[in-house]
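Notes follow once the structure below has been shown.
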2 protein chains.
Amino acid sequence: MITWQNIQTELLRRISERIWLPGELVPKEVELAAEFGCARATVNRAMREMANSGILSRKRKAGTRVAINPVRKATLDIPVIRLDIENRGASYRYLMLSREIIRPPPFIANRLTLGVDNELLHLRAVHFSDNQPFVYEERWVNPAAIPEILNADLSLESANEWLVHHALFTSGDISFSAHNATENEAEVFGIITGTALFVVERLTWLGTIPITSVCLSYAPGFKMHTDL
Amino acid sequence: MITWQNIQTELLRRISERIWLPGELVPKEVELAAEFGCARATVNRAMREMANSGILSRKRKAGTRVAINPVRKATLDIPVIRLDIENRGASYRYLMLSREIIRPPPFIANRLTLGVDNELLHLRAVHFSDNQPFVYEERWVNPAAIPEILNADLSLESANEWLVHHALFTSGDISFSAHNATENEAEVFGIITGTALFVVERLTWLGTIPITSVCLSYAPGFKMHTDL
DNA sequence: TAGTGGTCTAGACCACTAT
DNA sequence: TAGTGGTCTAGACCACTAA
């Protein structure tokens, strides 16, 4: 029996062996289905997934082409920090540094598309891996989106985890960058000010209501890794 | 007509409104198909994609559950650098700094799983965005994988682009990190040594043959961004 | 061993878009 | 307007795995 994976493998072979060149039109679904002796849906599944990974480029009526500039897609897993650490075989510990309900600075209010008058929950915490500081977290939570969090004991369960369990978001964005450690971060990590840190910023929404904005600074030397 | 997107939206609603709680068993495909009055394949498509994004967790015989710790998947586009720059509305310019065929240092040979005796093509280049240095590229190419590259004029077309057009890879890995600018990088970007730079390292393979290892340092302040 | 998801089929209609 | 991919259906068999 021909599976869609079989077809995908064969199509990938034809592309990587340059039997089908970048930009070239490839046979249409019906033709390939005939060639492989399978249903069109099977070919469709194979090619659709290849289009999703950026290897093929498909347009109705125009047909399917080998992508000229394959925009490869790297899929990064964004797990709960505790699991990330435990999966590396290390022990996890969490420490809340501060918790306050205050009006946010303008750039945070702006990022969350809220007025500066709305009071937000502001949290600072450290996640430890084998008792070494691994991630420094600075978070702002919109209580209007999820009032229950004001009663949660976030010194035991991290806000990261609490939110995952109590407030699934519907959309969000994430960005990765580098910055020089502030004095504050240098103290947390026991490093000198200015050391390059890998930073992840995340913003999540429930429908049109902003839930949380978080900035995670990783310990020096951290690499986020994935396969292509 | 019920589409798989309709179903996905409805299932997401039930999860985000906590009608279905994390860890909870959700109705099986046949039941949902009956409820929505559609074919099982349609429900399958909706749930399969949600499982791929980490929202559901599915096991044969055990059924489908709302993921307890949703490992959200962020999909990053890895385009050719020229397109990345042009898509930001900036002009692109490329400058090859050096090209030599030498034996690699041990850590590079090791990363490519090659002996230190194999001579490799070593390239250093800068990609400019609106005439500002945007990415500094340091690359090692294995000529055994793709001998034609030795004859390519890589001062005109970047190795990045040449490889995309002439050597589709079958597998690879990528990692993101931060490091303090070396003197060399500081000079390229016109910044002070030690400035935090966002770094992407990539390694690609054609079957079992290593093709290239590249290290890209982005200009200060660069953020890699995507939606969740 | 039985239940659930994974996939294939053959056919159909629809949506988009190049011409 | 016609051609191509996108999706749905109803039914079938299979693969994996919990019990």
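All heavy atoms count here, side chains included; hydrogens, waters and symmetry mates do not. Residue numbers begin at 1 in each chain, while the letters A, B, ... track the order of the sequences.
- Between the side chains of B/Asn6 and B/Thr9, no donor-acceptor pair of N or O atoms lies under 3.5 Å.
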* Would A/Glu35 and A/Arg14 satisfy salt bridge (charged side-chain N to carboxylate O under 4.0 Å, His left out), going step by step from the backbone distance to the final call? -> CA-CA 14 Å; A/Glu35 177 192 339; A/Arg14 294 187 188 178; 2.5 Å; yes
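- Counting to the nearest Å, the C1' atom of D/dG3 and the CD atom of A/Glu29 are 12 Å from each other.
- If you take NZ of A/Lys61 and P of D/dG3, they are 6 Å apart, rounded to a whole angstrom.
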* To do: Before giving the answer on salt bridge (charged side-chain N to carboxylate O under 4.0 Å, His left out), spell out for A/Glu137 and A/Arg202 the whole-Å C-alpha distance, their side-chain angles and the decisive distance to 0.1 Å.
  => CA-CA 11 Å; A/Glu137 166 178 337; A/Arg202 217 158 50 202; over 6 Å; no
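- B/Glu31 comes within contact range of no nucleotide atom at all, as no heavy-atom separation falls under 4.0 Å.
- A/Arg88 and A/Ser129 share no donor-acceptor pair across their side chains, judged by distance under 3.5 Å alone.
- Taking side-chain N and O atoms only, B/Thr64 has a distance below 4.0 Å to OP1 or OP2 of C/dG5.
- With rounding to the nearest 0.5 angstrom, the CZ atom of A/Phe176 is 5.5 Å from the CZ atom of A/Phe198.
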* To do: For salt bridge (charged side-chain N to carboxylate O under 4.0 Å, His left out), just list the numbers for B/Arg65 and B/Glu24, CA-CA rounded to whole Å, side-chain angles, deciding distance to a tenth of an Å, and then say yes or no.
  => CA-CA 5 Å; B/Arg65 292 173 181 279; B/Glu24 193 174 315; over 6 Å; no
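- Contact check, B/Lys28 against C/dT4: a side-chain N or O comes under 4.0 Å of OP1 or OP2.
- The separation between A/Lys59 atom NZ and C/dT19 atom C1' is 13 Å, rounded to whole Å.
- Contacts of residues 40-56 of chain A with DNA chain C (heavy atom under 4.0 Å): A/Arg40, A/Ala41, A/Thr42, A/Arg45.
- Of the nucleotides present, D/dC14 is the one that pairs with C/dG5 by Watson-Crick or G-U wobble criteria, both distances under 3.5 Å.
- Protein atom CZ of A/Arg60 is 7 Å distant from nucleotide atom P of D/dT7, rounded to whole Å.
- Between A/Gln5 and C/dG6 there is no side-chain N or O to OP1 or OP2 distance below 4.0 Å.
- In this model, the phosphate group of C/dG6 is approached by a side-chain N or O of B/Arg58 to a distance below 4.0 Å at OP1 or OP2.
- Minimum atom distance to the side chain of A/Ala39 is reached by C/dA10, of the listed D/dT7, C/dG6, C/dA10.
- A straight line from CE of B/Met1 to P of C/dC14 spans 8 Å, rounded to a whole angstrom.
- Rounded to whole angstrom, the span from the CZ atom of B/Phe36 across to the C1' atom of D/dT7 amounts to 17 Å.
- D/dC14 atom C1' lies 15 Å from atom CG of A/Asn6, rounded to whole Å.
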* To do: Apply the test salt bridge (charged side-chain N to carboxylate O under 4.0 Å, His left out) to residues A/Glu29 and A/Arg58: give CA-CA distance (whole Å), side-chain angles for both, the deciding distance (0.1 Å), then the verdict.
  => CA-CA 11 Å; A/Glu29 294 187 349; A/Arg58 323 193 75 193; 2.9 Å; yes
